[in-house]
Amino acid sequence: MDAFTAKQTEHTEGRSHPWTTMTTDESSIYMDFKKNPKLIRSSLEDFTPFNHWPFTDTFYSLVEWLNSSTSLLESNDCTFNVAEENPDTQYPYAKKCSARLMILFRDIEENCQQRSIDWLMQNILQQVASTKVGFRAGAICLSQSATCYLALGDKADTGGMGQQVVLTFFAYGKNERRCYENMQQVISHAQHCLKAVNKKLNNGELDNIYS
């Protein structure tokens, strides 16, 4: 599967964690799914209208795993963009849909270590690109989003400034149905790759770069 990186975009520029409301929707608030996993399948507004599509259940499963006790990562904000005409000429399909998921280290201080964020980005990138190599109807883009971690302070000298990793999922198809079927494969592959990276974290491979 194609994997690439991009610079921070207008959709991922500086925010706080936890955040209170979105500038585009004041009714949206941060929910800690580690403490409230049962809210995952009812509170992700962009996905609930698509509950009849299998990709939505796959996405819920990914978020549930990320926030479970077996994960050293956690999820943050997410969005979904419905199938539309495909403007990406490198993918010869009529339709395109996309989704975004922000993730961070469960250990908040780790998110303020640029070497740790770069390690996470690079390992996810390698996992995505080196597996499912025959799949050409989807891609995953990784970027970083500047974040103020309020638990560590919100002043310039408190050490609370860091990053989150943003995963943007792209899926393509000749029609809406194929587009959403391929999105399910992209999300499922993302979970497979994140689990592999989580295993590396459990094995202490991130700690080794500071040895």
Side-chain angles (χ1 to χ4, degrees), residues 3 5-23 28-37 39-40 43-44 46-47 59-80 98-128 140-155 158-169 187 189-210:
T5 61
K7 291 184 178 181
Q8 195 176 74
T9 70
E10 61 182 354
H11 301 295
T12 60
E13 287 180 351
R15 59 169 66 203
S16 64
H17 179 80
W19 47 276
T20 52
T21 60
M22 297 176 61
T23 56
S28 294
I29 59 173
Y30 168 76
M31 295 182 184
D32 188 343
F33 290 142
K34 302 187 304 300
K35 297 179 180 177
N36 301 287
L39 295 177
I40 291 171
S43 61
L44 301 181
D46 286 0
F47 289 85
F59 186 81
Y60 293 155
S61 295
L62 168 58
V63 177
E64 286 169 342
W65 170 75
L66 276 168
N67 294 283
S68 72
S69 60
T70 61
S71 170
L72 295 177
L73 304 167
E74 62 181 277
S75 71
N76 197 353
D77 194 20
C78 63
T79 60
F80 177 71
S98 63
R100 189 183 78 230
L101 177 66
M102 304 179 78
I103 65 171
L104 55 141
F105 289 106
R106 193 76 61 98
D107 180 355
I108 295 299
E109 293 184 357
E110 205 75 69
N111 299 293
C112 300
Q113 301 294 323
Q114 189 61 49
R115 289 174 65 187
S116 296
I117 292 292
D118 292 342
W119 180 93
L120 181 59
M121 289 265 295
Q122 187 61 33
N123 277 269
I124 296 173
L125 193 71
Q126 289 175 346
Q127 286 291 329
V128 174
I140 298 178
C141 173
L142 288 92
S143 59
Q144 298 182 26
S145 175
T147 302
C148 177
Y149 288 93
L150 300 181
L152 305 178
D154 59 358
K155 304 299 181 184
T158 57
M161 291 306 300
Q163 302 285 340
Q164 293 180 60
V165 172
V166 184
L167 291 86
T168 305
F169 308 131
I187 297 170
H189 186 54
Q191 181 166 349
H192 170 79
C193 294
L194 287 170
K195 283 186 173 181
V197 174
N198 188 69
K199 184 177 181 179
K200 290 186 175 184
L201 286 170
N202 271 311
N203 290 340
E205 292 190 30
L206 174 58
D207 295 335
N208 291 340
I209 71 172
Y210 291 99

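Atom set for the values below is all heavy atoms of this structure, side chains included, hydrogens, waters and symmetry mates excluded.
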Report yes if some heavy atom in the side chain of [X] is under 4.5 Å from a heavy atom in the side chain of [Y]; otherwise report no.
X    : Y    : result
I117 : V165 : yes
F80  : S98  : no
Q127 : K200 : yes
W119 : L201 : yes
S116 : F105 : yes
T70  : N198 : no

Closest heavy-atom contact between [X] and [Y]?
X    : Y    : value
A6   : S143 : O-CB, 3.2 Å
R106 : L66  : NH2-O, 2.9 Å
V128 : H189 : O-NE2, 3.4 Å
I140 : A190 : CD1-CB, 3.9 Å

Starting at [atom1] of [X], measure out to [atom2] of [Y] and round the result to the nearest 0.5 Å.
X    : Y    : atom1 : atom2 : answer
E74  : I108 : CD    : CD1   : 5.5 Å
S71  : I103 : OG    : CD1   : 8.5 Å
N202 : L206 : CG    : CG    : 11.5 Å
L194 : L167 : CG    : CG    : 6.0 Å
M31  : L44  : CE    : CG    : 8.5 Å
Q126 : C193 : CD    : SG    : 11.0 Å

Does a donor on one side chain and an acceptor on the other come within less than 3.5 Å for [X] and [Y]?
X    : Y    : answer
N67  : S75  : yes
Y149 : S16  : no
Q144 : D118 : yes
T147 : Q164 : yes

Inset, instruction - Kindly determine whether L73 and L120 satisfy side-chain contact (heavy atoms from CB on, under 4.5 Å), including the steps that lead there. - result: CA-CA 10 Å; L73 304 167; L120 181 59; 4.2 Å; yes
Legend entry - Result of checking Y60, W65, F59 against V63 for side-chain contact (heavy atoms from CB on, under 4.5 Å):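 With V63 as partner, side-chain contact (heavy atoms from CB on, under 4.5 Å) holds for just one option, F59.
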Legend entry - K199 atom NZ, over 12 foreign heavy atoms within 6.0 Å: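 No, the 6.0 Å shell around NZ holds no more than 12 heavy atoms from other groups.
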Legend entry - CD/E109: more than 12 non-hydrogen atoms of other groups inside 6.0 Å: no
Legend entry - side-chain contact (heavy atoms from CB on, under 4.5 Å) between R100 and D77, worked out: CA-CA 8 Å; R100 189 183 78 230; D77 194 20; 3.3 Å; yes
Legend entry - Over-ring placement of R115 relative to Y210, 6.0 Å and 45° cut-offs: yes
Inset, instruction - Please lay out, stage by stage, how H17 and L104 fare under the test side-chain contact (heavy atoms from CB on, under 4.5 Å). - result: CA-CA 10 Å; H17 179 80; L104 55 141; 3.8 Å; yes
Has [X] got a side-chain atom pairing as donor or acceptor with [Y]'s backbone, closer than 3.5 angstrom?
X    : Y    : result
D32  : K34  : yes
N111 : G162 : no
N76  : M102 : no

Inset, instruction - Would you check, one step at a time, whether the test side-chain contact (heavy atoms from CB on, under 4.5 Å) holds for S61 with Q191? - result: CA-CA 9 Å; S61 295; Q191 181 166 349; 4.3 Å; yes
